[in-house]
Amino acid sequence: MAELTLTQEWDKVFPKSEKVNHRKITFHNRYGITLAADLYEPKNAEGKLPAIAVCGPFGAVKEQASGLYAQIMAERGFLTIAFDPSYTGESGGEPRYVASPDINTEDFSAAVDFLSVQENVDPERIGIIGICGWGGMALNAAANDPRIKATVTSTMYDMSRVNAQGYFDSMDADARYELRKTLNAQRIEDYKNGSYERAGGVVDPLPEDAPFFVKDYYDYYKTERGYHKRSLNSNDGWNTTSALSFMNMPILSYSDEIRNAVLMIHGEKAHSCYFSKDAFKKLKGDNKELMIIPDAVHTDLYDQTDIIPFDKIEEFFHKYLG
């Protein structure tokens, strides 16, 4: 594995819990990319534990929402890791700031590889949590990897749908064609320049007429609440051309073949709620559940611990991971 430089200071946007042990770890995916993660385990835990890998939101880092989820689930008895996806945060991969429907799905399965060989983990009791864009990746991973015994998505985005069809499915084939022309022209510019244009993170300063969902993101990524120096959304965003692969490769093609358990959670007032409602309709089996949180908006499920249904998430994982 590549040698990564990992910060040893506590630089999360949430306070450290005294109920868990924390350490940095690395693992690799099958493309040879080394990923960085925070591992959380309950203090005084004995025997082989159920384990959970957590990632997301899309454009965030493990020091933000995924780390909060991982730490809280460790307080509740699970060994957890929150990881930075390939090409982002403290994880490896060049060029930087690339998103890929394939590689980012693989990152979840690579986390399962790592957890499966830990002495204090039961490899038959591994689940995943995907937040925002990584909710879609989590469903895609669950469709492809039966080792994932239980999957939770929180405030889920289908990144292939939003890239190909726009917010609220506002793009038609002509609009997609024009976008493809623009993005492929940018490829030439990137090649000439030997660097990659960045798409930009959350807009700053915030325009007065910004849509509510943009204000929602600003309130998390651009304020003390959630800002992090390594977060793409807090800074300059993904490489612009990352959108191309998502436009061409729907990630939820085989979600109806997920046999293991799935719990989907979304805020009633989230602009993105239609992603979860539509994705849930495709799932099959009596071990699938959609939970709508009254009055909650998209980023409420990033960090509002009085709104995120951790009791329900714990109950779900205990039921399906044992």
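From a predicted model like this one, the values you see are computed outputs, not experimental measurements. Here, residue 1 is the first one in the sequence, and each next residue gets the next number.
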Sequence-distant partners of Asp169, salt bridge (charged side-chain N to carboxylate O under 4.0 Å, His left out), two or more places apart: Arg161
Side chain Asn287, main chain Arg259, donor-acceptor under 3.5 Å: yes
Same apolar cluster (I L V M F W Y, side chains within < 4.5 Å links), Ile52/Val61: no
Salt-bridge present (Asp190, Arg187; N to O < 4.0 Å): no
Flag, side chain of Lys12 to backbone of Leu68, donor-acceptor distance under 3.5 Å: no
Non-hydrogen atoms of Val98 and Pro95 that approach each other most closely: CG2-O, 3.5 Å
Thr34 (side chain) donor-acceptor with Gly92 (main chain) under 3.5 angstrom: no
Any donor-acceptor N/O pair, Ser109 side chain to Glu106 backbone, under 3.5 Å: no
Test of ring centre spacing under 6.0 Å for Phe114 and Phe83: no
Near-ring test Tyr220/Tyr227, centroid separation under 6.0 angstrom: no
Shared hydrophobic cluster for Ile313 and Leu290 (ILVMFWY, side-chain gaps under 4.5 Å): yes
Electrostatic pair Lys312-Glu289, nearest N-O below 4.0 angstrom: yes
Any side-chain heavy-atom pair of Leu79 and Pro50 under 4.5 Å: no
Greater than 12 external heavy atoms within 6.0 Å of Asp306's CG: yes
From CA spacing to verdict: side-chain contact (heavy atoms from CB on, under 4.5 Å), Tyr218, Thr223: CA-CA 7 Å; Tyr218 183 95; Thr223 69; 4.3 Å; yes
Contact list for residues 244-255, test side chain to side chain donor-acceptor pair (under 3.5 Å), sequence neighbours left out: none
Heavy-atom pair with the smallest gap, counting every atom of Phe275 and Val162: CZ-CB, 3.8 Å
Joint hydrophobic cluster, Met73 plus Val112, side-chain heavy atoms closer than 4.5 Å: yes
Charged N-O contact under 4.0 Å between Asp11 and Lys229: no
Minimum heavy-atom distance Thr80-Ala70, with the two atoms named: OG1-O, 2.8 Å
Trace of the side chain to side chain donor-acceptor pair (under 3.5 Å) decision for Ser100 with Tyr87: CA-CA 10 Å; Ser100 161; Tyr87 309 110; over 6 Å; no
Close side-chain approach of Ser116 and Val121, heavy atoms under 4.5 Å: no
Ile307 and Leu301, any side-chain heavy atoms less than 4.5 Å apart: yes
Verdict with supporting geometry, Leu183 and Leu179, side-chain contact (heavy atoms from CB on, under 4.5 Å): CA-CA 6 Å; Leu183 292 174; Leu179 179 56; 3.9 Å; yes
Aromatic ring proximity, centroids under 6.0 angstrom, His271 and Tyr157: yes
Working for side-chain contact (heavy atoms from CB on, under 4.5 Å), residues Leu139 and Ile258: CA-CA 8 Å; Leu139 287 180; Ile258 299 173; 4.1 Å; yes
Residues Lys284, Glu257; criterion salt bridge (Lys or Arg N to Asp or Glu O under 4.0 Å); working and verdict: CA-CA 7 Å; Lys284 297 178 180 178; Glu257 296 184 6; over 6 Å; no
Minimal non-hydrogen separation, Phe14 against Trp10, with atom names: O-NE1, 3.0 Å
Cationic tip of Arg198 above Tyr97 ring, under 6.0 Å, 45° of axis: yes
More than 12 heavy atoms from other groups under 6.0 Å of CZ on Phe168: yes
Side-chain ion pair, Arg76 and Glu314, N-O less than 4.0 Å: yes
Crowding at CD, Glu94 (>12 non-hydrogen neighbours, <6.0 Å): yes
Residues, nucleotides or ligands: over 12 heavy atoms within 6.0 Å of Lys24 NZ: yes
Thr240 side chain to Glu197 backbone, donor-acceptor under 3.5 Å: yes
Sidechain N-carboxylate O distance under 4.0 Å for Glu124, Arg147: no
Residue pair Cys55 / Phe108: nearest heavy atoms and the distance that separates them: CB-CZ, 3.8 Å
Aromatic ring proximity, centroids under 6.0 angstrom, Phe78 and His318: yes
CA sep, side-chain torsions, deciding dist, call: Arg230, Thr7, side-chain contact (heavy atoms from CB on, under 4.5 Å): CA-CA 11 Å; Arg230 288 191 294 275; Thr7 181; 3.7 Å; yes
Note: Arg23-Asp38 ion pair, threshold 4.0 Å (strictly below): no
Side chain to side chain, Thr299 and Asp219, heavy atoms closer than 4.5 Å: no
Test applied, side-chain hydrogen bond (donor to acceptor under 3.5 Å, both in side chains); reference residue, Ser17; option that passes from His22, Gln71, Glu75, Lys43: Glu75
Side chains of Thr182 and Gln186 in contact at under 4.5 Å (non-hydrogen atoms): no
Candidates Asp158, Thr105, Asp102, Asn104 - the one meeting side-chain hydrogen bond (donor to acceptor under 3.5 Å, both in side chains) with Asn140: Thr105
Flag for Asn29-Ser86: side-chain donor and acceptor within less than 3.5 Å: yes
Pair Trp238 + Phe58: ring centers closer than 6.0 Å: yes
CG (Asp172) with more than 12 external heavy atoms under 6.0 Å: yes
Residue pair His298, Tyr217: steps toward the ring pair (Phe, Tyr, Trp, His ring centres under 6.0 Å) verdict: CA-CA 8 Å; His298 186 84; Tyr217 285 134; 5.4 Å; yes
Tyr31, OH: over 12 other non-hydrogen atoms inside 6.0 angstrom: yes
Evaluation steps, side chain to side chain donor-acceptor pair (under 3.5 Å), between Ser231 and Gln64: CA-CA 8 Å; Ser231 169; Gln64 295 173 307; 3.2 Å; yes
Cluster check Phe212, Val203: I/L/V/M/F/W/Y, side chain < 4.5 angstrom: no
Arg225 and Asp303 ion-paired at < 4.0 Å: yes
Test item: Pro57 and Trp134 side chains (from C-beta on) under 4.5 Å apart, heavy atoms: no
Note: Glu119-Lys48 ion pair, threshold 4.0 Å (strictly below): no
Where Pro250 and Ser160 come nearest, the two heavy atoms and their spacing: CA-OG, 3.6 Å
Same apolar cluster (I L V M F W Y, side chains within < 4.5 Å links), Ile103/Tyr196: no
